[in-house]
Each structure stands twice: as structure tokens, then as C-alpha cells.
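Right, one structure below, let's go through it.
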Amino acid sequence: MENTQIKLSETVMVIDVAYLNFVINDLRKYFEPLLGRSLQTVDLALFTMYLAMDAGLKGSDNDVQVLLVYDKQSGKLEHCLPSDLKNELDGVAFKASLGEFSFMAVPSEGFVSRGDLYLDLLQIVLNTAEVKKLIVVPFNEEYGKEVENVLRECALENAGHKEEAKDIVYFRMEEPVSPQQTLKISRLQNKHPVLHPRM
């Protein structure tokens, strides 16, 4: 995969769809019996907006690109709206108080594993000068060590070059092995941005 194939924004989220499905299903299995009712479907626009806020994004004119990495088994987001990556989300955007959020669905197509594709995309984003903020949501239980190694190497390469260093936020469920990665928790609120095709 070449850098020239993807035009990247100043803020990029790289999300593993299988991981998002895993977390949502896990939360539903735990909380629904406890509450005695079904949980609401996740509004993906809200989720990404508040993920960005938790990652420290400020201002109102941001351009945020959300790369959704998936394979044959994770072609749809479970308990989310919208849910169809290829037909409802790829090339779609919405405007909110933080700016514009655009979605790109990135399939492994069976040529590489979802984890290898995620790591390739991570390297591309890290090597793109235009990207200033990177929000990382990998499937930590599957390839988290490799993600940590890539981020650690990037931090070492940029040591002493603060002007070139990216602001990287790594979302995960467990405490990280490396102290520079921080656990963050997203919040949900009641505003409903509208998704629209990006021209």
C-alpha cells in the first residue's frame, strides 16, 4: 500500500471494526441482563465525535478522517447506525461542532490479514507529514504488541524533534505495558449529527 493512494487529513483515526464489534457485544452481554433491557444502538457519528473529544481535539474547523479497517468477517458494524461499511459509510461525512468527519472503509480483501493491514495503515499515517494527530483503536488482544512496537519506534525516531512529532492517542481496554500510552474512555451525549455523501 502506497502513501499516494490515500489523501490523509490533519487528524486521522484508525479503527479496527472487529475490535469495535467485540467491545460493543461484550458491553451488551454484560449490561443488558444487569439492566433488564436492551441497550440503544450506537450512533457512529456520536461515537467518533466523542472519541475525538476524549483524544483532546479542540476547535470547530477540524478535518477528521476515520479509517475503518475490516475483513470478510467484519464487513458490518454490529449494533451501530450506520452499519454497512461499503454501502453506507465509505466516502460519507458529517459536520459537527468539531468540524467535518469523513469515513473511509479499508478492506483487507483477503490478500493480507486485518491485523497486517492495520499495521500497514498505521505506518503510512505515521510517515505522512500532513497528519498531526493520530487516534489509534486496534484489536489489542490480537496484535497489540506490534502496535506498541510501531508507536515506540516512532517515538524514538522523533525524540528531539518535537516540531515533527505527532500527537498520538491509543485507546485500549487494559493498562498499557509502555507508560507513554494512555487509557481513555469515550462518552456519549444526545446530539445527532447527520451523515452525508462527501463530494
* **Given V12, T11, I168, the one that forms side-chain contact (heavy atoms from CB on, under 4.5 Å) with K133** => T11
* Verify side chain to side chain contact (heavy atoms under 4.5 Å, CB included) between N62 and E10, making sure each step is shown before the conclusion. => CA-CA 8 Å; N62 297 287; E10 193 167 292; 5.8 Å; no
* To do: To the nearest 0.5 angstrom, please state how far the CG atom of L134 sits from the CG atom of D167.
  => 9.0 Å
* **Heavy-atom side-chain contact between M49 and L46 under 4.5 Å** => yes
* Find the distance between CE (M104) and CE (M13) and round it off to the nearest 0.5 Å. => 15.0 Å
* Structure fact -> Looking only at heavy atoms, the pair that brings P138 and Y143 closest together is CB-CE1, 3.6 Å
* Check whether L35 and I24 end up in the same hydrophobic cluster, where Ile, Leu, Val, Met, Phe, Trp and Tyr are linked by side-chain heavy atoms less than 4.5 Å apart. => yes
* Could you give the distance from CG (D120) to OG (S108), rounded to the nearest 0.5 Å? -> 11.0 Å
* To do: With rounding to the nearest 0.5 Å, note down the distance linking OG1 in T48 to CD in Q65.
  => 12.5 Å
* To do: Go through L51 and I15 one step at a time and tell me if the side chain to side chain contact (heavy atoms under 4.5 Å, CB included) criterion holds.
  => CA-CA 11 Å; L51 200 65; I15 300 176; 4.3 Å; yes
* Asked: Can you name the nearest heavy-atom pair linking D63 to S9, along with the distance?
  -> O-CB, 3.3 Å
* For K76 and Y70, what are the C-alpha separation, side-chain angles and deciding distance, and is it a side chain to side chain contact (heavy atoms under 4.5 Å, CB included)? -> CA-CA 9 Å; K76 287 195 175 183; Y70 70 99; over 6 Å; no
* Any chain of hydrophobic side-chain contacts (each under 4.5 Å) joining L39 to L34? -> yes
* So, are E78 and R28 salt-bridged, with charged N and O less than 4.0 Å apart? -> no
* M53 vs S97 side-chain heavy atoms within contact, under 4.5 Å -> yes
* Structure fact -> On a heavy-atom basis, the closest approach of L77 and C80 is CB-CB, 3.6 Å
* **Shortest non-hydrogen contact from V14 toward Y118** => O-OH, 2.7 Å
* To do: Decide side chain to side chain contact (heavy atoms under 4.5 Å, CB included) for R114 and E142; before the verdict, give the C-alpha distance in whole Å, the side-chain angles of both, and the deciding distance to 0.1 Å.
  => CA-CA 10 Å; R114 178 175 31 80; E142 288 185 4; 3.1 Å; yes
* Specify the closest pair of heavy atoms between R172 and E148, including all atoms of both residues, with the distance to one decimal. => NH1-OE2, 2.7 Å
* To do: Of all the heavy-atom pairs spanning G144 and Y170, show the shortest one and how long it is.
  => O-OH, 3.8 Å
* Structure fact -> CG (L119) and CD1 (I124) are apart, to the nearest 0.5 Å, by 11.5 Å
* **side-chain contact (heavy atoms from CB on, under 4.5 Å), paired with C154, selected from V125, L122, L126, N127** => L126
* To do: State the CG-CD distance between L27 and E32, to the nearest 0.5 angstrom.
  => 10.0 Å
* Asked: Within a reach of under 6.0 Å around NZ of K166, are more than 12 heavy atoms found that belong to other residues, nucleotides or ligands?
  -> yes
* Going by heavy atoms in the side chains, are V147 and V136 under 4.5 Å from each other? -> yes
